[in-house]
Amino acid sequence: EKKVLDASARDLTPSYDWFQTDSLITIVIYTKQKDMNAELVIVDCQDKRLRGEIIVDDHSYLVEVDLDHAVQEDMAVNIAEKVGKVEIILKKKDNIHWKMLGQALEGHNTFIKHTERGLFYRKCKLVSKTEVTHDTKLLCLMLPRSTHLRVPIGQHVYLKQTIAGTEVVKPYTPVLPFLPLDLKEPPRHDGAHLYLMIKIYSCGLFTQALDHLQIGDSISVSNPEGNFKKSQVQTSEDLFLLAAGTGFTPMVKLLNFALTEVGCLRTVRLIFFNKTEDDILWRNQLEQLALKDERFEFQFILSQPTKDWVGKQGKISSSLLSEFVKRSRKDSKVLICICGPTPFTEQGVQYLKDLGYSQEEIHAFTA
Ligand code: FAD
Ligand code: NAD
């Protein structure tokens, strides 16, 4: 059911227009948003089907048509951020005059709550698979040339596979290919690739199937989802990242953003919980990052260490948190981000609240 907005909000409904030259089709979407950016625009053009989604606060505007004629694979998306204008430029396959843009599809020209818009999937190719630890791999997926999609910091996508005749969907949080070791040239998203750090469980339904994908195979990837706002970091002075196992994944882009773009940050501390030393993801990179940037420090805490581990051990607890989560000044603005197995995250949030941190100072990553 699609909700019609009330009259007061209706003037803010985006609209679109289109025009053509001999060789091009240009679709212009007037979002009526002053601060548009590439993360708010998701465009897919498959065969003759064009789908352009614009996120406007908690709403979504959609242009969805079965194009009048065929177009070429490459597409351009231009965003005029300040005026909120989005241009989608398609190349005609044949230089003929189009009588119309195409047939409207189900969601065409609708402006509804973002959560009411179903997830859209496109097929991505597996480009590479590299080992991170004994059980965790970094997968690189390539988006189709006719897709424009950026995954914002702190958001996840869903992967979809058919396993034994049944469609199975699981969430994963894209990372960067590496941590920002060269602060002058931090890893940037080229727009065409997605990197996923995935732990393969020996009896895991989805991850076993993922592990069996070959280079060149395709997998369906959804639009991004998640409620983290990077403005939460932009104003903080102390950032604490509590990660357990693959709960490290949302911290990767967050670390990159914090250390390369947030001027007011004084300390960034990662408290990383794992079972054993062999499970620590990107340990070497974390150690190098701490050497490069004095604002960054880390603490590894193992729940099943071997005898020779001289570092901290245990699971998340009030005493561990009171030891490692401290304001650098009496009144400094803090943000504490937490991600890991559900019991870890729930206990962590409770301990932090008991220690006097407010809801606004804590962000828990969940599905
Ligand atoms: P299943 O068949 O569901 O389970 C098999 C066995 O795996 C279980 O018996 C258990 O031993 C183990 N296992 C499965 N799920 C969990 C769990 N949640 N906690 C602890 N043990 C478990 N995973 C990543 O590797 N990388 C990511 O970037 C990532 N991002 C995520 C983002 C979100 C928002 C959420 C909610 C989860 C994320 N996960 C991530 C976990 C992922 O979605 C799957 O749950 C995981 O890959 C296991 O799937 P499976 O089908 O292979 O395992
Ligand atoms: P793991 O089993 O290797 O455990 C890592 C550490 O987590 C342990 O050493 C321990 O310190 C802690 N831990 C585990 N179970 C605990 C419990 N019951 N109570 C308290 N602490 C506990 O972890 P893993 O296999 O890498 O799993 C990572 C988890 O993170 C998965 O559940 C995954 O779904 C979740 N995850 C969530 C998101 C998200 O919500 N955005 C993103 C990535 C991963």
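Both ligands and their constituent atoms are indexed starting at 1 by order of listing.
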Seminar exercise, completed: In ligand 2, the atoms that come under 4.0 Å of a heavy atom of G247 are 30 (O), 43 (C), 44 (C)

Problem set entry | atom 27 (O) of ligand 2 [closest protein heavy-atom partner, distance rounded to 0.1 Å] | Y201 OH, 3.4 Å

Problem set entry | Protein heavy atom at shortest distance from atom 3 (O) of ligand 2 | K199 NZ, 3.0 Å

Problem set entry | Residues lining ligand 1 [heavy-atom distance under 4.0 Å, listed by chain and residue number] | H156, K170, P171, Y172, T173, M197, I198, K199, Y201, C203, G204, L205, F206, T207, T246, T249, T366, A367

Exercise. Which bit of T249 gets closer than 4.0 Å to ligand 2, counting heavy atoms only: side chain, backbone, both or neither?
Worked result: side chain

Exercise. Without hydrogens or angle criteria, can the side chains of T110 and R117 be said to hold a donor-acceptor pair below 3.5 Å?
Worked result: yes

Exercise. Among protein heavy atoms, which lies nearest atom 22 (C) of ligand 2, and at what distance?
Worked result: F344 CB, 4.0 Å

For this session: Using the side chain to side chain contact (heavy atoms under 4.5 Å, CB included) rule, pick out the option among L194, T173, V175 that qualifies with V151.
Result: L194

For this session: Distance to 0.1 Å, residue and atom name: give those for the protein heavy atom nearest to atom 8 (C) of ligand 2.
Result: S303 OG, 3.6 Å

Exercise. Among F273, F272, Y172, F228, which one has a heavy atom closest to atom 6 (C) of ligand 2?
Worked result: F273

For this session: Tell me, please, which residues at least two apart from W98 pass ring pair (Phe, Tyr, Trp, His ring centres under 6.0 Å).
Result: H69

Problem set entry | Gap separating the CG atom of L239 from the NE2 atom of H363, nearest 0.5 angstrom | 11.5 Å

Exercise. Protein heavy-atom contact under 4.0 Å for atom 34 (O) of ligand 2?
Worked result: no

Exercise. Parallel, tilted or perpendicular: which describes the rings of F111 and H59, with under 30° parallel and over 60° perpendicular?
Worked result: tilted

Problem set entry | Selection from P343, A364, G348 by shortest heavy-atom distance to atom 18 (N) of ligand 2 | P343

Exercise. Given side chains that start at C-beta, do those of F257 and Q234 come closer than 4.5 Å, heavy atoms only?
Worked result: yes

Exercise. D308 and T306: side-chain donor and acceptor closer than 3.5 Å?
Worked result: yes

For this session: Could you tell me whether F365 and ligand 2 have an N or O pair separated by under 3.5 Å?
Result: yes

Problem set entry | Pair I54-M36, side-chain contact (heavy atoms from CB on, under 4.5 Å): steps then yes or no | CA-CA 9 Å; I54 314 285; M36 257 295 120; 3.6 Å; yes

Exercise. From Q33 CD over to Y61 OH, what is the distance, rounded to the nearest 0.5 angstrom?
Worked result: 13.5 Å

Exercise. So, D57 and H114: side-chain donor and acceptor under 3.5 Å apart, yes or no?
Worked result: no

For this session: Measure centre to centre between the rings of F272 and F298, then say whether the value is under 6.0 Å.
Result: no

For this session: Enumerate the atoms of ligand 2 whose separation from the nearest heavy atom of N274 is less than 4.0 angstrom.
Result: 9 (O)

Seminar exercise, completed: Checking heavy atoms under 4.0 Å, the part of H156 that sits near ligand 2 is neither

Exercise. What's the shortest heavy-atom distance between C45 and L50, and which atoms?
Worked result: CB-CD1, 4.0 Å

Exercise. To which protein heavy atom is atom 4 (O) of ligand 2 closest, and what is the distance rounded to 0.1 Å?
Worked result: K275 CG, 4.2 Å

Exercise. In ligand 2, which numbered atoms sit nearer than 4.0 Å to a non-hydrogen atom of T173?
Worked result: 42 (C)

Problem set entry | side-chain hydrogen bond (donor to acceptor under 3.5 Å, both in side chains) contacts touching residues 208-218 (sequence neighbours left out) | K137-D211

Problem set entry | Over 12 non-hydrogen atoms of neighbours within 6.0 angstrom of CG in D22 | no

Exercise. Got the closest protein heavy atom to atom 38 (C) of ligand 2, with its distance?
Worked result: C339 SG, 3.3 Å

For this session: Looking only at protein heavy atoms, identify the closest one to atom 15 (N) of ligand 2 and say how far it is in Å.
Result: P341 CG, 4.0 Å

Problem set entry | Residue portion contacting ligand 2 (non-hydrogen atoms closer than 4.0 Å) for Q347 | side chain

For this session: May I ask you to identify, for P171, whether its side chain, its backbone, both or neither come under 4.0 Å of ligand 2 on a heavy-atom basis?
Result: neither

Exercise. Heavy atoms, side chains only, cut-off 4.5 Å: are I338 and I316 in contact?
Worked result: yes

Exercise. Can you tell me if T246 has a non-hydrogen atom under 4.0 Å from ligand 2?
Worked result: yes

Problem set entry | Any F248 heavy atom less than 4.0 Å from ligand 2 | no

For this session: List in chain and number order the residues that pass side chain to side chain contact (heavy atoms under 4.5 Å, CB included) with Y30, two or more places apart in sequence or in another chain; answer none if no residue qualifies.
Result: S15, D17, V28, K85

Exercise. In the protein, which heavy atom is nearest to atom 16 (C) of ligand 2, and how far is it?
Worked result: K315 NZ, 3.9 Å

